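Structure first, commentary second.
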Amino acid sequence: MSEKYIIQIKNLTKIFGDGVEIKALDGVDLNIERGEFLAIIGPSGSGKSTLLNQIGILDTPTSGTILLDGVDVTEMSDKKRSITRNKQLGFIFQYHHLLPDFNALENVMMPLLISGIKSSQARKTAKEVLAEVGLADRMDHRPNQLSGGQNQRVAIARALVNKPSVVIGDEPTGNLDSKASDNIYELLRKLNQEHNQTFILVTHDVRMAEKTDRIIRLVDGRIAGNSKNST
Amino acid sequence: MFELDVATRHIKSRRRQTLFSIIAVALAVGIIIIFMSMMSGYTSILIDSTIENNPHITVMPKDGEDYIHLYHGLENHIYDLEGVEAVSSYFQSEAALQYQHNAEGVLLYGINPEDENRVVNREKDMFAGEFASLANPGSRIILGYKMAKNLDVEMGDTVTAQIPGAGPADFTITGIFRTGTPVDEIMAFVNLERLQDFYGSGDVITGMGVKMSDAYAAEDLANEIDRETGYDAVSWIEQNAEILTLLETSEGMVYFFYIIIFSISGFGIANILIMIVMEKVGEIGMLMAMGTSRRSIMLIFLLEAGILGMTGVIIGCILGYGASLAIASITIPVPPEMYFGMDHLPVEIELKNFITAGIFALVINIIAGVFPARRASKMDPVEAIYSV
């Protein structure tokens, strides 16, 4: 049934505000394949981040359903949502949101510790992932001792450490210069290909979007374009 | 347990505020322990001095009678009861003592000094002369230091006692006692037989003092004597019921102040936690995105309140202990009769006070942490993440 699609979105609507209502999402239908590397683009206020937050189960829709690996996440209890976010989803935001009082390694260990994995095992796994993003020699640095690009790499490592099936990125390179952006993009692409994980990125950067498998264009909360890239 | 890890890192990241809020708790706990130690000391001195300076049970005549007749049998009977150490019969009368132009009212007690000494150690309070000198059935009197001063008399002087219902009689002062309590002004002792003769009432007494090995068993035994013999037996507990109730009431009042003091220190904890929560909004959002449950978020901040509170409690206990010891070692220059003959501030260091103050402080601090912790746990992860 859902073998092919990791995410199936049906008629998703999100309305904000109780006085003046704003339709952030207006009947979105979207299927995303396993291992797909997808970009969501659109002007400000088009509902990109809102859609991403629905997929990330950080928010609940007004109506419609989202099946993640065949399970409707909109019906989940708060506790179940937390567990699903921890096990199946990885998040990368524009700002890295690393815990400033923990070093790189400890930050990457955090999702594993939250899921209840033993500290020694978490340390081992986190080290491997940090090495994969090229920060083997920066593990005991705190976020304020690392550059913007390095911090974003730590954030990527943290998003991947639980081996989630879907990685969500909201403008993951928005705070970085073009060289660092390219590097981060290369890294994400490489990880996507190696682990066959699904990546969904919201971006303003058309250059970056063009290098993905598919571009979803949102306008006023509706899908206005859905095009496969040839590369 | 990553919650504890996050909590300790948060606290460590705000060293100065952490220090101040811990000091606030420590001071509150310390001050309250000193308070409690002094209250305990005061209470136990009051009770000890009551137990030591009064008969544990006083047996008085039956209802409507003035005297206990044929008291020797009753004396022996009570002496044989379990837990009784000594019995002293007395004849009590009001009198006015007169010396030259001075006159003072007094409660005159006719006693057998040997028996009396066994019930209440009068000998140890003697300022001059010997209590045992009253064993001689002559006209001898022992009075209090204050009374001697008021009458302006010394050892060997002769005072005249005006006793209602009997004529005046002269007594020679063979002893002066000093307890440091109001007793020094109102009690005087003479020989029992001498007072009975003088009164012309025959061999009767007006009361009997009983000393027990366990003062706290007095209430039960007093009831037993009461029931068994029909005489009116009153324990020291019943006799001092008002003071004991007053002590309990004041203890209750003091708790009200404890709550206020602890609340002030609790606000310190709440303050630093509210600050941390505000500063860490994005971090809380990210922790939620990573799958931290709302319960765990709540736990993180409650742990922070608990750690700050616990540290404060430990330091406060040490502080309170040291200060209590220091206060106990100070001699105070107050006149001893004002404070039951004390020359030190009464301080009693009791483990239960430390436990009470500690648990009390910890509970209030954790309550103080509930508000910020709830606020953190109720955050909308999306708003929290995008607030940065």
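Values reported hereafter were calculated over all heavy atoms of this structure, with side chains retained and with hydrogens, waters and symmetry mates removed. Throughout, protein chains are lettered first and strands after them, A, B, ... in sequence-line order, and every chain is numbered starting at 1. No experiment lies behind these values; they were computed from the predicted model shown.
- Within 6.0 Å of atom CZ in A:F16, more than 12 heavy atoms from other residues, nucleotides or ligands are found, so the atom counts as buried in its surroundings.
- Taking all atoms of both residues into account, the shortest heavy-atom contact from A:F91 to B:A289 is CE1-O, 3.2 Å.
- Residues A:M109 and B:F2 are not in side-chain contact: their nearest non-hydrogen atoms beyond the backbone lie 4.5 Å or more apart.
- Side-chain atoms of B:V6 and A:M110, non-hydrogen and from C-beta on, do get closer than 4.5 Å to each other.
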Give me a line-by-line list of donor-acceptor atom pairs from chain A to chain B that are under 3.5 Å apart, or tell me none exist.
| from | atom 1 | to | atom 2 | distance (Å) |
| --- | --- | --- | --- | --- |
| A:D78 | OD2 | B:R294 | NE | 2.8 |
| A:R85 | NE | B:M288 | O | 2.9 |
| A:R85 | NH2 | B:M288 | O | 3.1 |
| A:N86 | ND2 | B:M290 | O | 2.8 |
| A:H97 | NE2 | B:I385 | O | 2.9 |
| A:D101 | O | B:R9 | NH1 | 2.9 |
| A:D101 | OD2 | B:K280 | NZ | 2.9 |
| A:E106 | OE1 | B:R9 | NH1 | 2.9 |
| A:E106 | OE2 | B:R9 | NH2 | 2.8 |
| A:D170 | OD2 | B:Y386 | OH | 2.3 |

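- The shortest heavy-atom contact between A:L58 and B:P381 is O-CG, 3.6 Å.
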